[in-house]
Amino acid sequence: MAKKIICEACGTIFPFERVKDMKECPVCGDSFEDDGEESEYNEDAVEEGLMYFDEICRFSKDDPEYNFVCAKCNECGEYTHLVLDKFDKIVDKEYVILKKDVTVKCRDCGKEHKPRKIMYKEKRDRVQLPHCPVCNSVVLKKITVGSKFLAAATLGAFALPHNSKTYECENCGYKF
């Protein structure tokens with residue numbers, strides 16, 4: 001497997017042999033030697049990672065244990081919360097890099113995430129369902145166009161409050 005270097009500033013991946021004598025990125029000009037060590041990441045290791053993250057949660061400035069990265073396992077789909085002090089570098093909506101002595105295992109399936117870099121992946125599995133603003137129920141009935149037309153025909157202008165609604169909650173009857 002050929003060794004690769006990834007520019008942390010622009011994310012460009014270079015073959016090690018091409019940039020081994022360069023001190024800065026030929027694309028963005030950022031220094032390769034900003035922390036005194038070469039990048040140990042290769043393209044294959046980034047792709048073979050077990051986990052990806054979709055959210056960085058910062059709830060408290062005073063209590064760092066409430067600040068975490070929400071990582072999801074590709075194997076079983078379960079979420080793991082990793083406290084922010086486990087990371088060397090955090091680039092929101094791009095990647096995070098674990099500290100050298102930190103290993104991450106999925107709590108559910110027990111598999112270990114090998115590379116230190118965890119890539120960002122946008123949330124797509126959480127579907128936001130409409131819910132009742134009164135009782136928070138998702139058991140809703142859509143108000144049909146036919147019932148709106150019938151209300152307008154029988155009540156005229158008095159049907160306007162009914163016709164501006166889209167859903168009716170089947171639990172409490174609230175229309176919104």
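Numbers here are sequence positions counted from 1.
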Salt bridge (Lys or Arg N to Asp or Glu O under 4.0 Å) partners of residues 130-139, not counting sequence neighbours, each pair once: none
Which atom of N163 lies closest to which atom of A151, heavy atoms considered: OD1-CB, 4.1 Å
Connected via hydrophobic side-chain network under 4.5 Å: V102 and L84: yes
Value rounded to 0.5 Å, distance of OG in S147 from NZ in K141: 8.0 Å
For the student: nearest non-hydrogen atoms of C76 and D108, plus distance: SG-CB, 3.8 Å
Residues I56, F68; criterion side chain to side chain contact (heavy atoms under 4.5 Å, CB included); working and verdict: CA-CA 6 Å; I56 298 174; F68 57 87; over 6 Å; no
Side-chain cluster (under 4.5 Å, hydrophobic types only) that L155 belongs to, other residues: F158
Derivation of the side chain to side chain contact (heavy atoms under 4.5 Å, CB included) call for K117 and V96: CA-CA 6 Å; K117 195 171 201 176; V96 292; over 6 Å; no
Backbone N/O of L98 and side chain of R116: donor-acceptor pair under 3.5 Å: yes
Verdict with supporting geometry, M51 and N74, side chain to side chain contact (heavy atoms under 4.5 Å, CB included): CA-CA 6 Å; M51 294 187 173; N74 279 333; over 6 Å; no
Within residues 73-84 or reaching into it, pairs that qualify as salt bridge (Lys or Arg N to Asp or Glu O under 4.0 Å) - sequence neighbours excluded: E75-K111
Electrostatic pair D88:K100 at N-O distance under 4.0 angstrom: no
Gap between atom CZ of F87 and atom NZ of K89 - 0.5 Å precision: 14.0 Å
Distance, nearest 0.5 Å, that separates CG of L82 from NE2 of H113: 9.5 Å
Linked hydrophobic residues, F149 as query - side chain contacts closer than 4.5 Å: none
Close side-chain approach of E55 and V69, heavy atoms under 4.5 Å: no
Verdict with supporting geometry, E112 and T103, side chain to side chain contact (heavy atoms under 4.5 Å, CB included): CA-CA 7 Å; E112 186 177 328; T103 58; 3.8 Å; yes
Pairwise distance OH(Y52) to OH(Y120) - rounded to 0.5 angstrom: 10.5 Å
Point-to-point distance, once rounded to the nearest 0.5 Å, from CD1 of I90 to CZ of F53: 8.5 Å
Distance, nearest 0.5 Å, that separates CG of N67 from NE2 of H81: 12.0 Å
Residue list, salt bridge (Lys or Arg N to Asp or Glu O under 4.0 Å) with D85, at least two apart or on another chain: none
Review item, side-chain donor-acceptor pairs of residues 165-176, under 3.5 Å, at least two apart:
from: N171; atom 1: ND2; to: S137; atom 2: OG; distance (Å): 2.7
from: K175; atom 1: NZ; to: H162; atom 2: ND1; distance (Å): 3.4

